[in-house]
Amino acid sequence: MTEAFDDDPYEGALSLSQRAMSARGTPYLDGLNTEQRAAVEALDGPVLMLAGAGTGKTRALTCRIAHLLNTGRARPNEILAVTFTNKAAREMKERVGALLGTGGEGMPWLGTFHSVCVKLLRRHAELVGLKSNFSILDTDDQIRLLKQLILAADIDEKRWPARQLAGLIDGWKNRALTPEKVKGRETAAFNNRGSELYDSYQARLKTLNAVDFGDLLLHMVTIFQTHPDVLEQYQRWFKYILVDEYQDTNVAQYLWLRLLAQGHRNICCVGDDDQSIYGWRGAEVGNILRFEKDFPGATVIRLEQNYRSSEHILATASGLISQNTGRLGKELWTQAQGGDKVRLIGHWDGEEEARWIGEEAEAIQRGTRGNDPVSLNDQAILVRASHQMRAFEDRFLSIGLPYRVIGGPRFYERLEIRDAMAYFRLAISPADDLAFERVINTPKRGLGDKAQSRIQIAARENGLSLLDGARLLLQEGALSGKAAGQLRLFVENIIRWHDEILSASAASATTAAGDDDELIEPDAAGVAPANDLSHVRLAEAILEESGYSEMWLNDKTPEAPGRLENLKELVKALEQFENLQGFLEHVSLIMDNDKQENDDKISIMTLHGAKGLEFPVVFLPGWEDGLFPSQRSMDESGQKGLEEERRLAYVGITRAEQLCTISFAGNRRVYGQWQSQMPSRFIDELPARHVDVLTPPGLYGGGLGGGFGSDHAASPAMADRAARADVYNSPGWRRLQQSAARGGTTYSSPKPRGKPVVIDAEEAAAFTIGDRVFHKKFGYGEVMGSEGGKLVVEFDKAGEKHLLASFVVPADSADDVPF
DNA sequence: GTTGGTCTGACGGTG
DNA sequence: TCAGACCAAC
């Protein structure tokens with residue numbers, strides 16, 4: 001695990017490249033600052049580029065690639081450059097292309113970790129018992145498969161849901177732990193059978209000739225570790241390695257990189273420990289903190305000049321992040337001066353917050369806030385969790401404010417698209433059992449649970465795929481008339497489609513022969529526009545002949561037309577690909593959905609999704625304890641979790657160039673129930689000097705402030721003083737902050753005691769606020785009030801619950817009740 | 001086997 | 001709020 005990087009046989013390469021450098025100009029170096037330039041020119045040996053938010057990291061990185069190519073140190077296909085997102089990969093490709101005046105193609109190994117690994121794994125699949133045409137399961141498939149395994153293991157799926165198992169297994173894979181390595185590390189989860197389930201999951205994947213996302217990395221690490229010859233080949237091949245967002249790498253990615261970097265030792269990692277926000281999916285900030293130990297003699301370059309944000313915004317972000325411990329430490333600075341302070345405003349509830357932000361965005365767009373007009377495209381709302389988006393969508397729809405949701409439910413995750421894709425998958429590989437299961441009874445073919453389980457049994461007993469199992473049953477005449485007829489049709493269709501694909505690919509194989517030029521491959525399977533569109537026709541035919549399109553035509557629900565529309569779009573998207581196979585690959589890895597739109601719209605996205613982006617105007621709503629920082633994060637990871645949330649806040653603030661507005665609401669609907677919220681503890685950590693508080697008096701005190709938010713902008717200084725006095729110094733604020741600091745359980749504002757709670761006619765006044773009650777599952781608690789006919793009880797152990805009064809009894813009578 | 005109604009528990013994000 | 005699970009009726 002700790003192989004030393006002690007010997008570097010490529011030191012002599014220097015003179016060669018220097019010769020090359022003098023041959024061509026280096027215009028791309030112009031305009032870089034000293035540090036950026038150092039980062040671009042330190043080509044050899046390990047380099048760690050600590051690049052704070054907005055310091056021109058991508059610029060430095062792309063210039064570095066250009067420089068590598070321009071100085072002749074490496075050919076485009078000898079550079080391995082990995083990113084986390086498709087967006088980042090695309091951007092880098094484009095920018096390198098622009099710098100060099102080439103198309104931006106021609107860097108086959110610039111991509112996401114996953115896409116690079118797929119490419120590698122297709123070449124070496126047999127080393128881990130797969131065929132090179134393995135399919136990539138998405139989360140949905142994964143869950144369905146795990147569900148079956150849990151069922152088969154006779155474990156209560158209620159108690160141990162498949163989602164949780166998926167999380168467990170992902171966690172292991174992120175840490176590069178194979179089932180063998182997990183054995184003996186058993187936890188109580190899944191009745192101590194977690195590793196057993198993991199093992200059978202992997203076995204099942206192998207028989208399905210499939211991998212999940214985690215496997216892409218894990219398998220490659222396994223191959224590199226067990227086949228030194230393969231590893232050496234790539235160590236030699238990749239002369240330079242570049243890694244974006246290094247702080248987000250997990251253990252598997254880290255090992256993968258280290259193994260590959262052992263050859264030339266030319267690895268350049270770019271990252272910012274303050275922007276590490278993916279701990280929950282296994283990212284190890286430790287990787288970046290440890291870089292200099294891992295790669296002795298590494299050059300460390302800090303990019304600290306910020307070109308993005310105004311002075312106050314930067315200072316606010318810095319003040320906040322300085323509360324974190326264990327940082328590598330960077331001092332961001334800017335030449336920019338003046339500008340608006342970060343604004344802070346509290347609202348009565350989430351809807352009010354959405355309303356205010358909508359109005360504010362429009363005012364800023366028109367320039368009626370005393371500012372220059374800012375288009376909606378240049379404004380963004382960044383939320384902690386995607387469910388917060390809804391309030392904004394509702395509001396914006398009703399006032400007709402154009403918006404776009406970025407990273408919302410993705411096109412390819414829609415039901416109808418997944419169904420259609422399952423048909424395509426079956427056509428390509430009829431043995432794809434997961435796809436078979438998905439659509440065997442969609443549209444309804446009268447093949448319900450009973451028929452399906454018979455097919456399952458027939459398949460398992462004979463070691464066949466479900467399709468072949470079904471054929472067997474048909475041959476034996478084991479099914480009754482109607483079901484048999486439908487099944488026969490289904491099976492015959494699949495085989496016919498499959499045959500068409502086979503003959504189509506046989507035809508194209510004769511025309512398109514060509515060997516791999518060493519490790520150079522045509523980029524991703526068939527993204528090039530195809531002139532032969534037979535696969536598009538086939539796709540249409542599949543949707544027709546399966547009866548799938550018809551199913552939605554006959555569907556009277558309001559969403560049916562939209563679904564048909566989506567299916568059309570799907571078929572259209574196919575035109576860009578050479579064949580169905582290439583399309584499926586694209587979908588499983590790319591799956592992104594951001595269309596180029598030219599309309600002026602405000603963006604709504606999650607904080608995670610906003611990383612790497614910047615906007616002149618940014619709104620950061622929902623800064624409430626429990627929501628942000630998220631309760632779950634703190635429960636799961638304690639102090640570490642809180643610091644990660646703080647980094648997320650830092651990422652949010654640093655997205656803003658000119659104007660950043662933080663807001664919180666006193667009340668919010670959670671799971672459709674109203675809940676009182678407390679301002680986020682992060683608000684208290686903002687350096688007051690750089691913050692304008694727009695909150696009017698009385699949000700938490702007496703009368704609830706309606707009517708604020710309109711006039712304070714006219715006299716910001718006054719509003720500032722008045723508001724600060726109220727918000728920062730009011731007893732209410734202090735009390736809230738103190739109870740937050742105690743980590744108190746109370747998310748409810750104080751309620752008057754002794755007032756009867758009317759639940760319904762029968763139960764009227766059965767309970768009073770402040771009553772102690774007992775519930776058979778949640779234990780003892782205190783009645784806080786009522787809502788929507790339900791009792792609100794704060795349980796000592798289980799927290800606040802909303803439940804029917806009939807489920808609790810007065811605490812003192814608990815012993816009398818035979819539960 | 002299908003449909004439809006009620007009940008329950010989840011909502012952190014990504015490839 | 002809302003999807004999925006569950007159960008009763010057709």
Side-chain angles (χ1 to χ4, degrees), chain A residues 82-89 111-118 136-139 142-144 147 157-159 161-164 167 170 173-174 211-217 245 248 250 252-253 277-283 350 382-391 394 406-410 412-413 415 441-452 480 482-483 486 585-593 605-612 622 626-637 641 644-645 648 651 668-675 777 788 801-804 807:
Chain A
V82 279
T83 65
F84 278 86
T85 62
N86 293 304
K87 204 167 60 191
T112 62
F113 275 99
H114 290 93
S115 66
V116 170
C117 280
V118 173
I136 303 165
L137 298 193
D138 55 38
T139 328
Q142 195 186 4
I143 299 289
R144 283 190 301 138
K147 212 172 267 183
E157 217 265 333
K158 276 267 175 57
R159 175 130 174 63
R163 297 201 70 85
Q164 194 182 334
D170 274 346
K173 289 185 175 175
N174 286 339
V211 300
D212 63 22
F213 287 122
D215 281 334
L216 293 174
L217 255 302
E245 309 280 14
D248 288 335
N250 61 32
Q253 287 156 341
I277 54 175
Y278 285 107
W280 51 272
R281 62 170 208 214
L382 311 182
V383 297
R384 174 62 183 84
S386 47
H387 64 258
Q388 288 172 261
M389 294 178 177
R390 205 196 144 116
D394 286 351
I406 297 182
R410 285 174 289 196
Y412 294 112
E413 281 173 2
L415 175 92
N441 204 25
T442 315
K444 300 264 177 287
R445 296 189 174 88
L447 298 161
D449 284 349
K450 251 210 205 110
Q452 287 187 42
S480 65
K482 210 164 77 188
Q486 288 283 316
E585 175 111 348
H586 168 84
V587 168
S588 52
L589 279 176
I590 310 295
M591 288 271 244
D592 69 4
N593 191 23
M605 66 183 95
T606 63
L607 285 162
H608 283 91
K611 191 155 88 155
L627 181 59
F628 189 38
S630 112
Q631 192 59 50
R632 188 161 157 195
S633 181
M634 293 187 293
D635 289 347
E636 279 170 14
S637 319
E644 179 155 314
E645 296 286 308
L648 199 49
V651 167
R668 195 174 287 282
R669 261 171 140 86
V670 180
Y671 299 139
Q673 309 267 19
W674 283 102
Q675 286 215 317
K777 191 166 154 208
K801 302 281 175 199
H802 297 240
L803 29 77
L804 290 174
F807 285 116

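Chain A is the first sequence line, chain B the second, and so forth, proteins listed ahead of strands; every chain is numbered from 1. Side-chain atoms are counted along with the backbone in the values below, which use heavy atoms only and exclude waters and symmetry mates. All figures in this text were calculated on a predicted structure; none of them were measured in a lab.
- As judged by a 4.0 angstrom heavy-atom cut-off over every strand, A:S115 is placed among residues making no nucleic acid contact.
- No N or O donor and acceptor, one from the side chain of A:T112 and one from the base of B:dG15, sit under 3.5 Å apart.
- The side chain of A:S386 places an N or O atom within less than 4.0 Å of a non-bridging phosphate oxygen (OP1 or OP2) of B:dG13.
- The residue A:S633 sits close to a base: some heavy atom pair falls under 4.0 Å.
- Nucleotide B:dT2 holds its C1' atom 16 Å from the CZ atom of A:R445, rounded to whole Å.
- Atoms NE2 (A:H114) and P (B:dT14) sit 13 Å apart, rounded to a whole Å.
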(message) Under the criterion side-chain contact (heavy atoms from CB on, under 4.5 Å), I'd like the reasoning laid out for A:H608 against A:V651: C-alpha separation, chi angles, the key distance, then a yes or no.
(response) CA-CA 8 Å; A:H608 283 91; A:V651 167; over 6 Å; no
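- A 6.0 Å sphere centred on CZ of A:R144 holds more than 12 heavy atoms belonging to other residues, nucleotides or ligands.
- Distance CD (A:E585) to P (B:dG15): 16 Å, rounded to an integer number of Å.
- Distance A:D170 CG to B:dT14 C1': 10 Å, rounded to the nearest Å.
- At whole-Å resolution of the value, CG in A:L627 and C1' in B:dG12 are 10 Å apart.
- Partners of A:R384 by side chain to side chain donor-acceptor pair (under 3.5 Å), not counting sequence neighbours, listed by chain and number: A:E645.
- Position along DNA chain B of the nearest nucleotide to A:G672 versus A:L447 favours A:L447 as the more 5'-ward residue.
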(message) Test side-chain contact (heavy atoms from CB on, under 4.5 Å) on A:F84 and A:K611; report intermediate values, then the result.
(response) CA-CA 11 Å; A:F84 278 86; A:K611 191 155 88 155; over 6 Å; no
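- The side-chain ring of A:W280 is stacked on the base of B:dG13, judged by centre separation under 5.5 angstrom and plane angle under 30 degrees.
- A:Q164 comes within contact range of no nucleotide atom at all, as no heavy-atom separation falls under 4.0 Å.
- Atom OG of A:S630 is separated from atom CD of A:E636 by 7.5 Å, given to the nearest 0.5 angstrom.
- Between A:R281 and A:D170 no salt bridge is recorded (no basic side-chain N to carboxylate O distance below 4.0 Å).
- Heavy atoms from other residues, nucleotides or ligands lying under 6.0 Å from CG of A:D635 number more than 12.
- With hydrogens and angles disregarded, a donor-acceptor distance shorter than 3.5 Å links the side chain of A:E644 to the backbone of A:G279.
- The aromatic ring of A:Y671 sits over the base of B:dA10, with ring centres less than 5.5 Å apart and planes inclined by under 30°.
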(message) Does the protein touch nucleotides 2-10 of chain C at the base, only the backbone, or not at all? Give it as B, S and - per nucleotide, heavy atoms under 4.0 Å.
(response) S--SS----
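- Look at CD1 on A:I277: it is 10 Å from P on B:dT14, rounded to the nearest Å.
- Each of A:E636 and A:N441 was assigned the nucleotide of DNA chain B with the nearest heavy atom; the assignment lying further toward the 5' end belongs to A:N441.
- On a pure distance criterion of 3.5 Å, no polar donor-acceptor pair joins the side chain of A:R281 and the base of B:dG13.
- The interatomic distance linking A:Q673 (CD) with B:dA10 (P) rounds to 14 Å, in whole Å.
- Remark: P of B:dG13 and CE of A:M634 are 16 Å apart, rounded to the nearest angstrom.
- For A:R669, a side-chain nitrogen or oxygen approaches OP1 or OP2 of C:dT1 to under 4.0 Å.
- Using a 4.0 Å heavy-atom distance criterion, A:A451 is classed as a sugar-phosphate-only contact.
- At the heavy-atom level, A:F113 lies nowhere under 4.0 Å from the strands shown.
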